[in-house]
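Note that the structure is a prediction, hence the values are computed from the model and not measured.
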Amino acid sequence: MNILSIQSWVAYGHVGNASAVFPLQRLGAEVWAVNTVQFSNHTGYGSWRGQVFGAELVRDLVQGIEDRGALPRCDAVLSGYMGDAAIGEAILDTVARVKAANPAALYCCDPVIGDVGRGVFVRPGIPEFMRDRALPAADILTPNQFELEWLTGQPVTTLAEAKAAVAALQAKGPRCVLVTSLKVAETPEDQIEMLAAEGGGFSRIRTPMLPLSVNGAGDAIAALFLFHRLTSGSAQAALGAAASSVYGLLRRTSEAASREILTVAAQEEFVAPSRVFLPEAC
């Protein structure tokens with residue numbers, strides 16, 4: 001399996017490609033990583049060094065990969081945090097190139113816009129790009145609860161509202177949707193949910209809430225869900241596998257009281273989760 005992953009990169013810690021690439025490699029996928037930024041650390045620290053790369057650099061790197069004759073072997077494009085909307089256009093151009101070379105390839109978009117409690121935290125123009133350009137082009141979309149509400153303009157406070165919002169997304173393009181970090185009226189206080197939908201069916205999974213606040217977990221979830229959806233062909237199976245692995249990763253991180261997710265130290269969780277959670281139809 002070959003996945004072209006276009007995301008941010010940090011030298012210290014694990015967000016963006018630094019969170020997505022290693023889990024995919026540990027599971028046996030070849031990952032062609034194209035970085036949209038290179039920072040010393042994630043921006044949650046309040047200060048960082050590095051730079052945002054231009055859209056032309058992304059296009060140039062993809063052209064170099066195409067020059068090697070590799071695009072027909074690309075099974076999926078994965079995108080995450082975008083430094084600006086111009087990079088988004090370069091990503092969509094890449095998706096078009098890949099699908100021209102391999103019509104079976106999928107585009108998985110993690111529409112990074114913001115989060116509950118923080119609101120929108122990306123540059124102006126990016127949320128609108130996600131809604132108007134990336135959403136219709138995606139085969140798989142992995143918003144969190146805040147992003148689901150923003151993209152649809154619909155409230156998500158109950159399971160029924162979450163399902164209605166997901167259906168609204170699917171009507172605009174992506175046939176497969178994974179909602180992460182979901183807390184609705186039906187969610188037990190000590191748990192967190194994920195909701196997956198494809199082909200008219202919905203599945204949800206609940207895992208215990210953990211006492212931690214880290215960056216990069218969403219990037220790992222999107223990558224793992226894409227991998228398992230590619231290998232199983234099932235959104236429900238992908239939900240169970242991704243949720244189990246990410247729970248193990250976050251549990252290890254919480255136990256270590258680490259500010260950065262323990263992507264390397266907890267790597268066995270990607271291939272053999274210490275605790276398996278089973279999704280249920282809903």
Apply the test side chain to side chain contact (heavy atoms under 4.5 Å, CB included) to residues Leu195 and Leu239: give CA-CA distance (whole Å), side-chain angles for both, the deciding distance (0.1 Å), then the verdict.
-> CA-CA 8 Å; Leu195 177 70; Leu239 172 63; over 6 Å; no
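- Ionic pairing of Arg229 and Glu198 is present here: one or more N-O contacts between side-chain nitrogen and carboxylate oxygen are shorter than 4.0 angstrom.
- Rounding to the nearest 0.5 angstrom, the gap separating the CZ atom in Arg131 from the OG1 atom in Thr152 is 11.0 Å.
- Remark: Glu89 engages Arg133 in a salt bridge, criterion side-chain N to carboxylate O under 4.0 Å.
- With rounding to the nearest 0.5 angstrom, the CZ atom of Phe129 is 4.0 Å from the CG atom of Leu92.
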Determine, step by step, whether Ser79 and Tyr107 satisfy the side-chain hydrogen bond (donor to acceptor under 3.5 Å, both in side chains) criterion, reporting the C-alpha distance in whole Å, the side-chain angles of both residues, the deciding distance to 0.1 Å, and the verdict.
-> CA-CA 8 Å; Ser79 70; Tyr107 172 37; 2.8 Å; yes
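- Defined by atom type and a distance below 3.5 Å, a donor-acceptor pair is present between the side-chain atoms of Ser274 and Arg251.
- Gln145 places none of its side-chain heavy atoms less than 4.5 Å from the side chain of Ser181.
- Judged as a ring pair (Phe, Tyr, Trp, His ring centres under 6.0 Å), and not counting sequence neighbours, Phe146 has no contacts.
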Take Asn41 and Val15 through the test side chain to side chain contact (heavy atoms under 4.5 Å, CB included) and record every step on the way to the result.
-> CA-CA 9 Å; Asn41 51 270; Val15 299; over 6 Å; no
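- Checked for salt-bridge contact, Glu268 and Arg26 meet the test: a charged N lies under 4.0 Å from a carboxylate O.
- Asn17 and Ser5 share a side-chain donor-acceptor pair at under 3.5 Å.
- Applying the side-chain contact (heavy atoms from CB on, under 4.5 Å) rule to Ala197 yields the partners Val166, Gln170, Phe202; only residues at least two apart in sequence or on another chain are considered.
- A distance of 10.0 Å separates CE in Met82 from CD1 in Ile113, rounded to the nearest 0.5 Å.
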Check the pair Leu135 / Leu141 against side chain to side chain contact (heavy atoms under 4.5 Å, CB included), numbers first and verdict last.
-> CA-CA 7 Å; Leu135 171 59; Leu141 200 77; 3.5 Å; yes
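- Between the CG atom in Leu148 and the CD atom in Glu161 there is a gap of 10.5 Å [rounded to 0.5 Å].
- Taking a cutoff of 4.0 Å between a charged side-chain nitrogen and a carboxylate oxygen, Glu56 and Arg59 qualify as a salt bridge.
- One hydrophobic cluster, built from ILVMFWY side chains closer than 4.5 Å, cannot hold both Ile192 and Met194; they sit in different ones.
- Under 3.5 Å, the side chains of Glu193 and Thr187 contain a donor-acceptor pair of N or O atoms.
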Please lay out, stage by stage, how Leu27 and His228 fare under the test side chain to side chain contact (heavy atoms under 4.5 Å, CB included).
-> CA-CA 10 Å; Leu27 285 164; His228 291 295; 4.1 Å; yes
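- A donor-acceptor pair under 3.5 Å is absent between the side-chain atoms of Ser8 and the main chain of Val37, judged by distance alone.
- Interatomic distance, OH of Tyr81 versus CZ of Arg123, reported as 6.0 Å (0.5 Å rounding).
- Glu280 has a carboxylate O that lies under 4.0 Å from a charged side-chain N of Arg204, or vice versa, which qualifies the two as a salt bridge.
- Residues Leu4 and Trp32 come closest through the heavy atom pair CD1-O, 3.1 Å.
- For Cys109 against Ala138, the heavy-atom pair with the smallest separation is CB-CB, 4.0 Å.
- At a threshold of 4.5 Å between side-chain heavy atoms, the hydrophobic network of Ile, Leu, Val, Met, Phe, Trp and Tyr places Val271 and Val31 in one connected group.
- Scanning for ring pair (Phe, Tyr, Trp, His ring centres under 6.0 Å) contacts around Phe39 gives Trp48, with sequence neighbours left out.
- Considering only heavy atoms from C-beta on, Glu149 stays 4.5 Å or farther from Gln154 through its side chain.
- Taking CG of Leu106 as the start and CG of Leu78 as the end, the distance is 11.5 Å to the nearest 0.5 Å.
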